[in-house]
Amino acid sequence: MADTESKALKVKEKAEVATPAEQTRPGLVFTPAADIFETDKEITLLADMPGVKAGDLNIDLHENVLTLDGFVKSPEAADEVDVIREYRTGKYYRQFTLSQVIDRGKIDAELKDGVLRLKLPKVEAARPRKIAVKSS
Amino acid sequence: MIWRRMTGFPAWDYWTSPFEQLERMRREMDRLSEGLGRGLFREPMAGVFPLMNVTEDKDNYYVRAELPGLKADDLDISVKADTLSISGEKKISAEDENAQYHRREREAGKFSRIVSLPTQVDTGKVEARCTDGVLTVVLPKAESAKPKQIAVKTF
């Protein structure tokens with residue numbers, strides 16, 4: 001990742017999505033940017049969800065479909081008037097289909113500084129096993 | 001409506017209320033242009049990272065930016081008279097070297113942005129905090145820039 005370290009960050013507009021089901025709460029819905037990587041033991045998902053508090057984030061794994069649903073409260077007070085508005089706030093919603101068999105009991109989620117870190121450990125049977133070949 | 005016109009009846013609503021027709025057209029146009037505006041023009045953007053929302057109330061300006069994963073230490077914020085400059089670096093920590101990436105959408109890099117505010121601010125009282133990946137800078141307006149209420153005397 002050394003090559004990306006010095007690069008200047010470019011503006012990326014938040015991607016708005018249309019969720020399959022109509023929302024119960026009105027408002028905008030965005031797709032959080034995510035990194036997903038896999039090791040032998042687990043799959044890790046990192047998602048940028050600025051403004052979401054731990055209590056407002058729902059993570060659900062149902063039949064290999066992982067759903068992230070984060071609600072953002074507007075940080076502005078009622079008497080504040082807009083001067084410039086370049087980004088909008090709303091909830092975050094994204095679904096992933098996981099191909100690996102996940103050990104549901106050991107899923108670990110941490111939300112820190114607006115970044116979700118979700119560890120999805122693979123079940124024992126799904127882990128690759130190296131078989132040592134003996135020479136007799 | 002066409003059907004009615006074809007049958008020879010001078011259609012009632014057509015002739016009696018041309019204004020209503022116009023009104024309907026105007027509404028249709030409004031709806032169209034609103035849709036266009038939402039799709040094409042959107043918010044004004046400086047095109048510099050991070051995107052910022054600036055709001056004000058009677059006493060303060062509030063500058064907000066979404067910076068997920070950044071801590072207060074990673075940011076360099078300074079104020080001068082009526083300009084606020086924010087710079088820093090968004091880092092993505094290196095993961096396990098055996099990790100296989102499926103997706104890589106989050107970006108790392110340096111950024112720097114200067115915003116000029118409509119009026120001077122009290123540079124000594126500026127406060128900044130970073131919560132849940134959202135930076136909020138509160139800039140109290142300078143005493144000289146605040147509107148003065150003028151009492152109207154009655155004689």
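Only a predicted model underlies this, so the values are computations on that prediction, with no experimental measurement involved.
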If you count heavy-atom pairs under 4.5 Å with chain B, which of [options] comes out on top?
{"options": "A:Asp82, A:Thr44, A:Thr89", "value": "A:Asp82"}
{"options": "A:Ala34, A:Ala33, A:Gly51", "value": "A:Ala34"}
{"options": "A:Val81, A:Asp40, A:Thr39", "value": "A:Val81"}
{"options": "A:Pro75, A:Gly114, A:Ala54, A:Pro50", "value": "A:Pro50"}

Using a 3.5 Å distance criterion without hydrogens, assess whether the side chain of [X] forms a donor-acceptor pair with backbone atoms of [Y].
{"X": "B:Asn53", "Y": "A:Tyr87", "answer": "yes"}
{"X": "B:Glu89", "Y": "B:Gly109", "answer": "no"}
{"X": "B:Asp76", "Y": "B:Ser87", "answer": "no"}
{"X": "A:Arg94", "Y": "A:Leu68", "answer": "no"}
{"X": "B:Asp57", "Y": "B:Asn60", "answer": "yes"}
{"X": "A:Lys91", "Y": "A:Gly27", "answer": "no"}
{"X": "B:Lys71", "Y": "A:Asp113", "answer": "no"}

Residues forming a side-chain contact (heavy atoms from CB on, under 4.5 Å) with A:Leu61, sequence neighbours excluded: A:Leu66, A:Leu98, A:Ile102, A:Arg104, A:Ile107
Inter-chain contacts: residues 116-135 of chain B against chain A, heavy atoms under 4.5 Å: B:Pro118, B:Asp132, B:Gly133, B:Val134
Nearest heavy atoms of B:Phe49 and B:Arg113, plus distance in Å: O-CB, 3.8 Å
Atom of B:Ser85, atom of B:Ile114 and distance for their closest heavy-atom approach: CB-CG1, 3.5 Å
Against chain B, label [X] side chain, backbone, both or neither, depending on which of its atoms sit under 4.5 Å from a heavy atom there.
{"X": "A:Pro32", "value": "backbone"}
{"X": "A:Leu45", "value": "neither"}
{"X": "A:Val52", "value": "backbone"}

Heavy-atom contact with chain A under 4.5 Å, split by part of B:Glu95: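 Contact with chain A is through the side chain of B:Glu95 alone.
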